[in-house]
A.B. asks: 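My questions will all concern the structure given below.
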Amino acid sequence: MSISYILTPVTPQLLEWGRECGVPISLETPAGRTVTRGDLAQVLESLAGFTGDVRGTEEDFTASIASEEMIDWEYKSDDPLLNQAFGGPHTSPRESADIYRLHPPDQSPSLSFQGHLTLIVLIASELAKHCGPQAAFATSDGIPAFFLPDQQTPVWNQPWLDEG
């Protein structure tokens, strides 16, 4: 099972939800706008050390991005069938993400991300500079993070960050 991260424009309802979850976000934070295909393409193209592409129409698009830096790794398991199928050396990008445009009913279109969290945070931060404040949340915990155009790091309440 993988975790998806949803990115959507800030609304008053999302700000209220964030406050209920203990996120120190101002209820006066302005609304953002929906990320367009062009916005996403511009941000992906601007990231040094990554290659990406956006496919589809303005209304229905997907994207992939991966670091140019590669890492070597090896898969080993106690299960011989898994070793037969997946075992041995592999090479993969250090970071990658897949992005999908979502059309939830009665809501603004949003983006769904799957991939490396650090890359997703970088992309969301850059998108907020183009589209205004954005809210993001993992489908696993539902605690929103807020990406603001004038801040490098998100405004969030993630207790696991304080544990390290």
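This is a predicted model, so every value here is computed, not measured.
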A.B. asks: The test is side-chain contact (heavy atoms from CB on, under 4.5 Å); show your working for Thr34 and Cys131 and say whether it passes.
C.D. replies: CA-CA 7 Å; Thr34 299; Cys131 304; over 6 Å; no
A.B. asks: Show every ring-ring contact (aromatic ring centres under 6.0 Å, His included) that has at least one partner inside residues 63-114, sequence neighbours left out.
C.D. replies: Trp73-His90
A.B. asks: Could you list all the ring-ring contact (aromatic ring centres under 6.0 Å, His included) pairs where at least one residue sits in residues 48-71, not counting sequence neighbours?
C.D. replies: none
A.B. asks: For residues Pro133 and Pro9, determine if any side-chain heavy atom of one lies less than 4.5 Å from a side-chain heavy atom of the other.
C.D. replies: no
A.B. asks: Is any side-chain heavy atom of Pro144 closer than 4.5 Å to one of Cys21?
C.D. replies: yes
A.B. asks: Using the side-chain contact (heavy atoms from CB on, under 4.5 Å) rule, take Leu111 and Ile6 through it: C-alpha gap first, then chi angles, then the decisive distance, then the call.
C.D. replies: CA-CA 6 Å; Leu111 298 178; Ile6 308 300; over 6 Å; no
A.B. asks: Determine all donor-acceptor pairs shorter than 3.5 Å in which one atom belongs to a side chain in residues 120-129; sequence neighbours excluded.
C.D. replies:
unit_1	atom_1	unit_2	atom_2	d
Ser125	OG	Val121	O	2.9
Glu126	OE2	Lys129	NZ	2.9

A.B. asks: Listed by chain and number, what are the side-chain contact (heavy atoms from CB on, under 4.5 Å) partners of Ala41, not counting sequence neighbours?
C.D. replies: Glu45, Val54
A.B. asks: By the side chain to side chain donor-acceptor pair (under 3.5 Å) test, which pairs, at least two apart or in different chains, include something from residues 77-87?
C.D. replies: none
A.B. asks: Under the side chain to side chain donor-acceptor pair (under 3.5 Å) definition, can you give me all pairs with a residue in residues 15-24, not counting sequence neighbours?
C.D. replies: none
A.B. asks: With sequence neighbours left out, write down each residue that passes side chain to side chain donor-acceptor pair (under 3.5 Å) with Thr62, or none if nothing qualifies.
C.D. replies: Arg55
A.B. asks: Working to the nearest 0.5 angstrom, can you tell me the gap between Asp53 CG and Ser64 OG?
C.D. replies: 5.5 Å
A.B. asks: Filter on salt bridge (Lys or Arg N to Asp or Glu O under 4.0 Å), then keep only pairs touching residues 90-119, sequence neighbours left out; what's left?
C.D. replies: Glu69-Arg94
A.B. asks: For Glu58, which residues count as a side chain to side chain donor-acceptor pair (under 3.5 Å) partner, sequence neighbours excluded?
C.D. replies: none
A.B. asks: Mind checking side chain to side chain donor-acceptor pair (under 3.5 Å) for Ser26 and listing every partner two or more places apart, or none if nothing turns up?
C.D. replies: none
A.B. asks: For a 4.5 angstrom cut-off between non-hydrogen side-chain atoms, does Leu7 reach Ile99?
C.D. replies: no
A.B. asks: Is Thr51 close to Ile65 at the side-chain level, that is, under 4.5 Å between some pair of heavy atoms?
C.D. replies: no
A.B. asks: Please examine the side chains of Thr153 and Phe147, heavy atoms only from C-beta on, and report whether any two atoms are closer than 4.5 Å.
C.D. replies: no
A.B. asks: List for me each residue that meets side chain to side chain donor-acceptor pair (under 3.5 Å) alongside Thr91, sequence neighbours excluded, and say none if there are none.
C.D. replies: Asp72
A.B. asks: I need the full list of salt bridge (Lys or Arg N to Asp or Glu O under 4.0 Å) pairs touching residues 24-33, with sequence neighbours left out, sorted by first then second residue.
C.D. replies: Arg33-Asp39
